[in-house]
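Here is the structure we will look at, set down as structure tokens.
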Amino acid sequence: MTLSSLKDRNLQKILLEIGYDSLYPIQEQAISNGLLIGENLLITSPTASGKTLIAIMAALKKIEKKEKVIYMTPLRSLATEKYRDFLELNSINFSNNNNNNNKNLATVTKNIDFEKKSLAKKKKGGDRKKSFIVKLAMGNYDSPGNDLLNADIVILTNEKLDALIRNDSELLSNVGLFVIDEIHLMGDKDRGPTLEMMITKIKRFYQEAQILALSATVSNSKDIAEWLNCKLIENNWRPTELFEGVYDDGIVRMNNNTKIKINTYYNFQSTPVSVAIDSLESGGQAIIFAETRKRAASLAAKSIQGVFRLLDKDQKEKAKKSSLQLSKISDDTDITKNLIEMVSKGVGFHHAGLSQPIREIIEDSFRQGVIKLLVATPTLAAGVNLPARRVVLSSILRYDYDIGANIPISILDYKQFCGRAGRPKYDTFGEAIIIPESGMNSEELYDHYILGTPEPVNSKLFNEKALRFHILSTISTIPGIKKSELYDLFLNTLFAQNYRKSTIVFKIDVALESLEKWDLIKSKNERYIATDFGKKTSILYIDPLTAIEFKNELDTLNEINTKESLKAITRDTQNEYNNLIIKFLHIISECSDFYPKLTLRKKDMDYFYNFVNKYMDEEEDLLFDLTEYNCSRSFLALYEWINESSERNLSDRLGIEPGDMHRIVESADWLLYTLNEFAKLFNRDDLLETLTDLRIRTKHGVKQELLPLIKLEGVGRIRARALYNAGFVDIKLLKSTPESTISGISKIGPSIAKKIKKQLT
């Protein structure tokens, strides 16, 4: 469909300025089925077929009516990617009405915890006027979202939307469109329940708003569309044709009745590497999906020689520049050093153990064609959009922690991997190839995965944790709700489509009984309200079971210290202070909400017993029994971190990679804040100073002695330690010292010294 046939001239103008001169089939179908007039739609089409533009068009129509748009995604990485997609509108002249009288420009701002930065650009000769504002929101679950109120489009995770509903945010008062991306993830056991409840509440409480649900793969799409009360729009067209195949003894059998002979002349000691490099020889890029981080790094290392020989002089120079860019932000761990060397040869690997800045450079280098072969863990398939000509699955097995064994991936997951095959700007086709495990039959794999139908999307809301979590949230946000109304809400979930009413009612009753027993809710005449404890638990966005564990632990501390107030445990009694710090770290790292919880390995046993013996030898024993069964590497890493262990040391001693440490610190910070809030609620003022200090230490990774210095803006753990070692043990001494003297300290310099002095005047 050409844009000239689009009746909406204002939208036509905007699309032309974005760079479109025609619409893809699925986009044309969406418009003809009422996208621009507010019809509820479920869109299912392959990756890169144009679903994001459908969302943009719907959003622009709502903004014309001065209505807000909520764009929901299941992952932070996806939220960030969609935010970047909307940034493309930042340089467009457009009006707020169809008469084109007011030629304003889009202004986009970013709203993330770690960065608040206006991305609005100025045009020569004057400032751009605001037409709409886009914000990205993640984290800060107890925030009412007041900083988002001026946004026209808010891109957020499903959990963040849930938190805003719990906080009764004003943001949701004028929403005209909910975009629900990756709706098939309702079938995910971890993320699915929250997404399902958000959709259920949108259907119930925001009936006037348009729903636009997007997915690449939904086999039971008719059932989902019926539940959503949406029109179903399906199309299998994609800009690059997809071919799928299975490798068997040097030959790949493809589903277009062709066979690819893999050149094994160079002997890369790995079939996945040989299959990937075969695509590179004809000018493509390739992604190998590996089942573990270790295998990803190993396969990348095996491919270096084969990839490097294919690079021309210009490509080698670009690879060297990307490698240099990585070295400037290196965390000094072996894994990063190895990666830097690989990137200089046109190879990279990608997994959650790498720090966020390093992952971003790897992603950008692959997008730019600098990295020719990328080996990634499965998280990349559900995260950022990095298409390659050929996608190779080195294994169809994945470890399932619930089962405790490797099991084959689902067809639905396999199709997600396939979605990365084909670069729209560079290729007319994409290839997805499975490498069979030893002993597996390639014909059976072909029949199951290539010819098979993806599994239906089924509700995961039936588990007890999810039910009590969302039942408490509902009672907390709707005080006095009747039991019958609670039944009615949950009987409108997808969950209710798969179970009998009596089963749903029974499960709800069991959850209500537990919540009331734990004093999180109260009932009278079959009406429910949340207690102060229950409201706080809901707003803090934690599992009610975690809340009970925290409350019990605080009570236990009280019992242990019957003879001496915990106010006596201060920096003056260092052993007791350390004991309490260890106790708090153990409380949070063992709760069900802590992530990632990395178990002890055999090689960690000596470290663990040395740690235990150290504190059992102190004058005061630990406040709890620490055993190898209730201790994780995450707990030990946190203790090392707040005692200024480097990322290199954490990697070498405990196998904690930088990306994991970042998530451990992020999780610990939130749970320490939660523990602090409960201490306030239960009048444990004697614990607040210690918890506040520990949270600061956890956030920055510093010892207790650096607390005064770390509070200075621009002073992190390294600079705080440099100042302390130079003799500046308190703020008073810094205040009385000349700026020139401070600037001469290692790691400080003139600009930081000036910043420090300015704060102290």
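If you're wondering where the values come from, they're calculated on a predicted model, not measured in any experiment.
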Residues, nucleotides or ligands: over 12 heavy atoms within 6.0 Å of [X] [atom1]:
{"X": "F205", "atom1": "CZ", "value": "yes"}
{"X": "I718", "atom1": "CD1", "value": "no"}
{"X": "K535", "atom1": "NZ", "value": "no"}
{"X": "N525", "atom1": "CG", "value": "no"}
{"X": "Q497", "atom1": "CD", "value": "yes"}
{"X": "E464", "atom1": "CD", "value": "no"}
{"X": "E170", "atom1": "CD", "value": "no"}
{"X": "D168", "atom1": "CG", "value": "no"}

Would you list the atom pairs, donor with acceptor, under 3.5 Å between side chains in residues 502-512 and any protein atom, with sequence neighbours excluded?
residue : atom : partner : partner atom : Å
K507    : NZ   : F462    : O            : 3.4
D509    : OD1  : Y487    : OH           : 2.5
D509    : OD2  : Y487    : OH           : 3.3

Interatomic spacing from [atom1] in [X] to [atom2] in [Y] - rounded to 0.5 Å:
{"X": "N649", "Y": "I656", "atom1": "CG", "atom2": "CD1", "answer": "11.5 Å"}
{"X": "L734", "Y": "F728", "atom1": "CG", "atom2": "CZ", "answer": "5.5 Å"}
{"X": "I539", "Y": "Y141", "atom1": "CD1", "atom2": "OH", "answer": "15.5 Å"}
{"X": "I588", "Y": "K583", "atom1": "CD1", "atom2": "NZ", "answer": "12.5 Å"}
{"X": "L486", "Y": "E526", "atom1": "CG", "atom2": "CD", "answer": "11.0 Å"}
{"X": "I529", "Y": "S476", "atom1": "CD1", "atom2": "OG", "answer": "10.5 Å"}

The complete set of salt bridge (charged side-chain N to carboxylate O under 4.0 Å, His left out) pairs with one or both residues in residues 591-613, sequence neighbours excluded, reads R601-D604, D604-R633
Using a 4.5 Å cut-off on heavy atoms from C-beta on, say whether the side chain of [Y] contacts that of [X].
{"X": "L681", "Y": "K551", "value": "no"}
{"X": "R717", "Y": "L706", "value": "no"}
{"X": "F533", "Y": "I548", "value": "yes"}

I need the minimum non-hydrogen distance between N643 and K703, along with the two atoms involved.
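Heavy atoms only, the tightest pair is O-CE, 3.4 Å.
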May I have the step-by-step check of salt bridge (Lys or Arg N to Asp or Glu O under 4.0 Å) for R648 and D331, ending in yes or no?
CA-CA 7 Å; R648 174 63 183 267; D331 43 44; over 6 Å; no
Are the charged groups of E644 and R697 less than 4.0 angstrom apart, N to O?
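No salt bridge links E644 with R697.
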Salt bridge or not for D142 and K536, using N-O below 4.0 Å?
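Result for this pair is no, no salt bridge flagged.
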Let's go through R204 and D488 carefully: what are the C-alpha distance in whole Å and the side-chain angles of both, what is the deciding distance for salt bridge (Lys or Arg N to Asp or Glu O under 4.0 Å) to 0.1 Å, and is it a yes or a no?
CA-CA 10 Å; R204 180 67 179 273; D488 185 52; 3.1 Å; yes
Flag this pair as yes if the NZ/CZ of R166 is under 6.0 angstrom from the six-membered ring centre of F469 and inside a 45 degree cone about the axis; otherwise no.
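R166 over F469 ring: yes.
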